[in-house]
Amino acid sequence: PTVSKEVSQMEQNQFAGDLPSTIGNLASLTYVDLSRNRLSGQIPSSIGKLRQLNNLFLQENNFSGPIPRTLGDCRSLITLNLSCNSFSESITRELFFLDSLSAGLDLSHNQLSGQIPREIGGLINIGPLNFSNNRLSGHIPTALGACIRLESLRLQGNLLDGGIPESFSNLRGIAEIDLSRNNLSGEIPNFFQSFNSLKLLNLSFNDLEGQMPQGGIFQNSSEVSVQGNSMLCSSSPMLQLPLCFASSRHRRTWRTLKITGISVAALALVCLSCVVFILLKRRSKRSKQSDQPSYTEMKSFSYADLAKATNGFSPDNLVGSGAYGSVYKGVLESEANGMIAVKVFKLDQLGAPKSFVAECEAFRNTRHHNLVRVISACSTWDNKGNDFKALIIEYMANGTLESWIYSETRRPLSLGSRVTIAVDMAAALDYLHNSCMPPIVHCDLKPSNVLLDDAMGARLSDFGLAKFLQSHDSSSTITSTSLAGPRGSIGYIAPEYGIGNKISTAGDVYSYGIIILEMLTGKRPTDVLFKNGLSLQKFVGNAFPEKIREILDPNIIGDEVVDHGNHAMVGMLSCITQLVRLGLSCSTETPKDRPTMPDVYAEVSAIKREYSALRVKE
Ligand SMILES: *[C@@H]1O[C@H](CO)[C@@H](O)[C@H](O)[C@H]1NC(C)=O
Ligand SMILES: *[C@@H]1O[C@H](CO)[C@@H](O)[C@H](O)[C@H]1NC(C)=O
Ligand SMILES: *[C@@H]1O[C@H](CO)[C@@H](O)[C@H](O)[C@H]1NC(C)=O
Ligand SMILES: *[C@@H]1O[C@H](CO)[C@@H](O)[C@H](O)[C@H]1NC(C)=O
């Protein structure tokens with residue numbers, strides 16, 4: 001067939017034979033439908049030249065061989081349907097770089113094998129995903145939890161094993177999940193109970209075990225299918241499942257019973273009356289405890305919405321600019337106080353797309369009042385058809401910490417504000433390092449990434465370089481996985497990263513220490529003063545403790561305090577001295593000599609209490 005128009009629609013004909021590699025010459029094609037023909041052979045790799053292609057339908061043919069990697073070059077693809085062919089080998093990971101894919105990716109009914117590549121987390125816009133009826137094996141990748149726009153997930157009829165990943169708790173908008181006919185094990189996660197959009201959950205014919213959850217979708221037996229899981233039990237006699245024994249150790253009991261060969265049904269009958277009694281008591285108790293945390297749905301914004309909010313991304317609205325993005329302030333009627341900030345990623349910068357994904361990941365996994373709140377993420381096209389990625393974040397009226405330390409026009413920061421900022425930053429870092437699973441290392445702490453809210457509380461922002469630590473060992477300060485490489489900002493980046501050490505929480509502690517010293521001295525670590533081996537730490541260390549007053553930011557102790565008398569003065573100097581000591585110990589050369597964030601947080605909180613007790617008027 002010859003195709004020459006922008007749109008090529010030739011479905012349901014009798015075309016047979018190979019797809020000619022000259023298809024790559026039709027660079028302006030946007031829509032190709034060759035479904036339901038008798039095309040065979042491999043898809044030519046020249047398909048990757050179709051950069052404008054939005055929709056590609058090749059289902060119900062006889063194509064074979066691997067899915068060509070060059071399909072990953074079709075950066076405009078919105079729909080890709082390769083179902084019902086004979087594609088083999090593993091799924092090419094290049095497909096998962098297509099974050100344009102949103103209206104569907106269907107690879108079902110082929111002979112694809114191997115594991116599902118974990119790069120699948122790159123499909124941040126995908127709605128329906130269908131990999132059913134292949135020969136995929138291994139675990140369901142945790143990264144699938146990053147595809148937060150998923151509406152339908154069909155993985156049935158494969159050879160997948162392992163458990164249902166915890167990360168699925170992020171897929172709150174999903175309507176259909178079919179994982180039937182695999183070899184999945186473990187328990188059914190409880191979080192599905194709180195999924196309001198879920199209309200179909202098919203887990204049948206697997207190896208799942210334990211107790212079925214009770215609430216939400218599990219109340220409607222026509223929406224949940226669990227047949228063919230021999231080790232599942234239920235505490236409701238409504239479902240066609242054996243009754244569980246009312247104990248959290250039910251699984252062990254169950255196994256013991258199986259091993260000893262006692263007829264469970266008989267036993268269940270004998271115990272039924274007491275079981276029901278216990279169950280009723282437990283249920284009334286549980287319904288009080290299991291208040292699900294409330295999640296807010298992510299709002300979605302179009303390019304036009306954001307352009308309107310920021311006055312067409314006008315330079316007058318520009319409030320900041322970094323390596324990977326520019327930040328504009330704007331007004332959105334839907335937001336509480338109307339003001340928002342939009343961070344537009346400079347996608348032509350190497351690393352910027354990755355930084356967008358890193359930020360999305362980080363905000364999806366975090367919630368803390370000392371982190372900037374992200375309202376939504378937007379990945380779409382601008383009005384010229386270029387890729388457009390942005391984060392919509394809370395607008396921080398008081399700007400960055402940097403602007404307060406160095407501004408000529410703002411009033412100087414009081415010591416009290418500086419102490420509060422130090423406490424807030426420590427609270428946020430302690431949360432990232434120790435309360436997030438997996439732990440998060442910020443990797444790019446500096447005063448321009450610390451924003452101040454209306455009440456001069458500090459919020460960390462810019463998670464573009466943030467890293468999740470894979471293995472969590474809370475007893476060690478240097479939990480680490482990936483290589484640092486060139487990340488972070490000069491002056492704030494821990495020295496060990498420069499020599500290729502791994503990312504660790506100790507790196508953030510270093511940057512924190514530098515910021516503390518910077519706040520107290522009003523000097524940047526990159527100040528011209530610091531050369532020939534002199535650094536900010538050495539400069540402060542040399543004056544510590546006797547001559548500390550000589551190197552302080554002159555604004556730190558206001559004139560009012562000097563008038564206020566000796567007592568306040570002595571107390572303030574004591575707080576400053578403790579802060580300096582903390583800053584110095586955080587910014588020591590060797591990572592293992594630095595304190596951990598919980599210790600830092602405890603210490604800086606104690607300093608704040610001591611400061612408050614002075615009752616200095618500000
Ligand atoms: C794949 O799944 C989608 C969404 O559930 C469905 O509409 C489509 O028909 C499925 N594909 C095949 C070939 O069954
Ligand atoms: C399913 O898993 C079990 C144990 O995990 C294993 O023995 C069995 O061979 C697996 N079945 C298939 C079809 O892979
Ligand atoms: C669930 O999956 C099984 C096996 O794939 C299938 O036979 C059954 O029809 C499905 N049920 C629903 C409600 O989709
Ligand atoms: C159960 O689900 C079916 C199909 O979605 C629906 O028609 C029915 O109303 C539901 N029943 C209850 C009690 O929610």
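Side chains are part of it too, since the values below use all heavy atoms of this structure and drop only hydrogens, waters and symmetry mates. It should be emphasised that the depicted structure is a prediction, and the values quoted were computed from it without experimental measurement. Remember, it's 1-based here, ligands and their atoms both numbered in the order they're listed.
- Side-chain rings of Y31 and F57 approach one another, their centers coming within less than 6.0 Å.
- Between H368 and Y431, the ring-plane angle classifies as tilted under the 30° and 60° cut-offs.
- Relative ring orientation between Y328 and F313 is described as perpendicular, the plane-to-plane angle rising above 60° on a 0-90° scale split at 30° and 60°.
- The S108 neighbourhood of ligand 1 comprises atoms 11 (N), 12 (C), 13 (C), with distances under 4.0 Å to a heavy atom of that residue.
- In this structure, a donor-acceptor pair under 3.5 Å is absent between the side chains of S167 and N170.
- At least one donor-acceptor pair under 3.5 Å links the side chain of N134 to the backbone N or O of L107.
- Using a 30° and 60° split on the angle between ring planes, F356 and F345 fall in the perpendicular class, above 60°.
- Each of the atoms 1 (C), 2 (O), 3 (C), 8 (C), 10 (C), 11 (N), 12 (C) of ligand 1 lies under 4.0 Å from some heavy atom of N130.
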Could you list, one pair per line, each nitrogen or oxygen of ligand 3 together with any protein nitrogen or oxygen closer than 3.5 Å, giving atom names and the distance rounded to 0.1 Å?
unit_1, atom_1, unit_2, atom_2, d
ligand 3, 2 (O), S180, OG, 3.2
ligand 3, 2 (O), N202, OD1, 3.2
ligand 3, 2 (O), N202, ND2, 2.3
ligand 3, 2 (O), S204, OG, 3.3
ligand 3, 5 (O), S180, OG, 2.8
ligand 3, 5 (O), R181, NE, 3.0
ligand 3, 11 (N), N202, ND2, 2.9
ligand 3, 14 (O), N202, ND2, 3.3

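- Put simply, the residue from R154, R181, Q111 that forms a side chain to side chain contact (heavy atoms under 4.5 Å, CB included) with N133 is R181.
- Below 4.0 Å from some heavy atom of S83 lie the following atoms of ligand 1, by number and element: 13 (C).
- The side chain to side chain donor-acceptor pair (under 3.5 Å) pairs that include a residue from residues 44-70 are N55-T79, R69-E94, where partners are two or more places apart or lie in different chains.
- Close approach of ligand 1 to S152 is summarised as follows: ligand atoms under 4.0 Å from at least one heavy atom of the residue are 4 (C), 5 (O).
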